[in-house]
Amino acid sequence: MELWYTEKQTEVFGITAKIKQTLHTEQTPFQKLDMLETEEFGNMLTLDGMVMTTERDEFVYHEMVAHVPLFTHPHPKQVLVVGGGDGGVIREVVKHPEVEKVTLVEIDGAVIEQSKKHLPHIASAFDHPKVEVIVGDGFMHIAESHNEYDVIMVDSTEPVGPAVKLFEKGFYEGISRALKADGLFIAQTDNPWFKADLIRQVIGDVKEIFPITRLYTANIPTYPSGLWTFTMGSKVYDPIEVEEGRFHDLKTKYYTKELHKAAFVLPKFVKDLAGE
Ligand code: SAM
């Protein structure tokens, strides 16, 4: 008997993957957590039926979440990751020698536990000396932080359940307060094919708070539509004005200094969406 996992990306469209076996499934206090072994993409973490990350294509998202803001900021010493319980973003963050500390605030400890067990290549930096892990609500952590971080990365689930408030204007205002005077943040902001209204709302809110607001993209085959966006809000530094000398060698599979700038060149329908 064949087993297929299907994620309904809209009510009438989805993605389906042939499954070898279900490795783990549980209802945590926050969401339904499933770890699946797929034929095409290796082990796959889903939360509430949505693909979070897979062994085969995870590097795209985690490199683009981490390296674009960390090369944009000239001295990213204090870094915060909201969400990110699979560990992929902090694995990339600790590759930057300038980073002194990265704090990860993940609301669901089960995500960390199962990622360590079934996604060891992704969840490989939790014990790094520069990493602090807090199991808690990122919204509350931001509300309690002031003038503390150089870079903040919001690596959350889509705006469902505990992540709903991570896409609201009040959260971005809190991020601004949590950042230092020259700080910047990025947030994953879903896809322009099925979530155009969300992107329009987030961009509009961030523009009212940060002097520099930009959208960039990456290709992630297992995410809805495959075209993924990230929104950056920056108090001082412009991601497309990074000095050539700022880039240093880094072991990556997707990110390059050329792609850093190219990612901000948007297709016309996305440019219009971003109000650029
Ligand atoms: N790359 C994925 C994406 O783009 O959808 C996100 C992966 S990461 C596993 C998302 C994490 O955000 C989940 O582990 C979830 O538990 C966490 N999360 C959701 N709401 C949160 C909150 N309010 N505070 C902290 N973590 C939260």
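Start at 1 and go down the list; that is how both ligands and their atoms are numbered.
Atoms of ligand 1 found under 4.0 Å from any heavy atom of V105, numbered from 1 in the order shown, are 25 (C), 26 (N). Of all atoms in ligand 1, numbered sequentially from 1 with element shown, those under 4.0 Å from a heavy atom of V111 are 14 (O). Taking every non-hydrogen atom of A163 and a distance limit under 4.0 Å, the qualifying atoms of ligand 1 come out as 19 (C), 20 (N). Heavy-atom proximity to D86, at under 4.0 Å, picks out these atoms of ligand 1: 7 (C), 8 (S), 9 (C). For ligand 1 and S156, the ligand atoms under 4.0 Å from any heavy atom of the residue are 3 (C), 4 (O), 5 (O), 6 (C), 10 (C), 12 (O). Every atom of ligand 1 is numbered from 1 in the order shown, and the set under 4.0 Å from a heavy atom of L47 is 13 (C), 14 (O). The ligand atoms of ligand 1 that sit less than 4.0 angstrom from a heavy atom of D108 are 16 (O). Listed by atom number, the atoms of ligand 1 under 4.0 Å from D137 heavy atoms are 22 (C), 23 (N), 24 (N).
At least one cation-pi condition fails for K8 and F13: the charged atom is not both under 6.0 angstrom from the six-membered ring centre and inside a 45 degree cone around its axis.
Q31 counts as a contact of ligand 1, since one of its heavy atoms falls under 4.0 Å from the ligand. In this structure, G136 is part of the shell of residues with a heavy atom less than 4.0 angstrom from ligand 1. Ligand 1 lies out of reach of F30, whose nearest heavy atom is not under 4.0 Å from it. In this structure, D155 has a heavy atom closer than 4.0 Å to ligand 1.
The OG1 atom of T54 sits 9.0 Å away from the CZ atom of F59 when rounded to the nearest 0.5 Å.
The proximity of L166 to ligand 1, defined as any non-hydrogen pair under 4.0 Å, is limited to the side chain. At a heavy-atom cutoff of 4.0 Å, ligand 1 is contacted by both the backbone and the side chain of M52.
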Check against salt bridge (charged side-chain N to carboxylate O under 4.0 Å, His left out), E40 and R56:
CA-CA 8 Å; E40 193 66 53; R56 184 173 170 199; 2.6 Å; yes

For the pair F210 and Y172, evaluate ring pair (Phe, Tyr, Trp, His ring centres under 6.0 Å) and give the outcome as yes or no after the intermediate values.
CA-CA 9 Å; F210 289 87; Y172 301 127; 8.2 Å; no

When you look at Y216 and W228, which way does the ring pair (Phe, Tyr, Trp, His ring centres under 6.0 Å) test go after all the steps?
CA-CA 8 Å; Y216 63 101; W228 211 249; over 10 Å; no

Show your reasoning for whether ring pair (Phe, Tyr, Trp, His ring centres under 6.0 Å) applies to Y61 and Y254.
CA-CA 9 Å; Y61 175 90; Y254 187 87; over 10 Å; no

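Under the side chain to side chain donor-acceptor pair (under 3.5 Å) rule, H67 has a single partner from H96, H62, H260, which is H96. Just one residue in the list D238, I203, L266, T231 forms a side-chain contact (heavy atoms from CB on, under 4.5 Å) with R214, and that residue is D238.
Judged purely by atom type and a 3.5 angstrom limit, N219 has no side-chain atom pairing as donor or acceptor with the backbone of L227.
Side-chain atoms of K195 and S225 include no donor-acceptor pair closer than 3.5 Å. N191 and Y223 share no side-chain donor-acceptor pair at under 3.5 Å.
The shortest N or O to N or O distance between P162 and ligand 1 is below 3.5 Å. Ligand 1 has no nitrogen or oxygen under 3.5 angstrom from a nitrogen or oxygen of E158.
Using cut-offs of 30° and 60° on the angle between ring planes, the pair F171 and F139 is parallel.
Ranking protein heavy atoms by distance to atom 16 (O) of ligand 1, first place goes to E106 OE2, 2.6 Å. Distance from atom 26 (N) of ligand 1 to its nearest protein heavy atom, with residue and atom name: I107 N, 3.2 Å.
Among F171, Y223, F139, the residue whose heavy atom sits closest to atom 2 (C) of ligand 1 is Y223.
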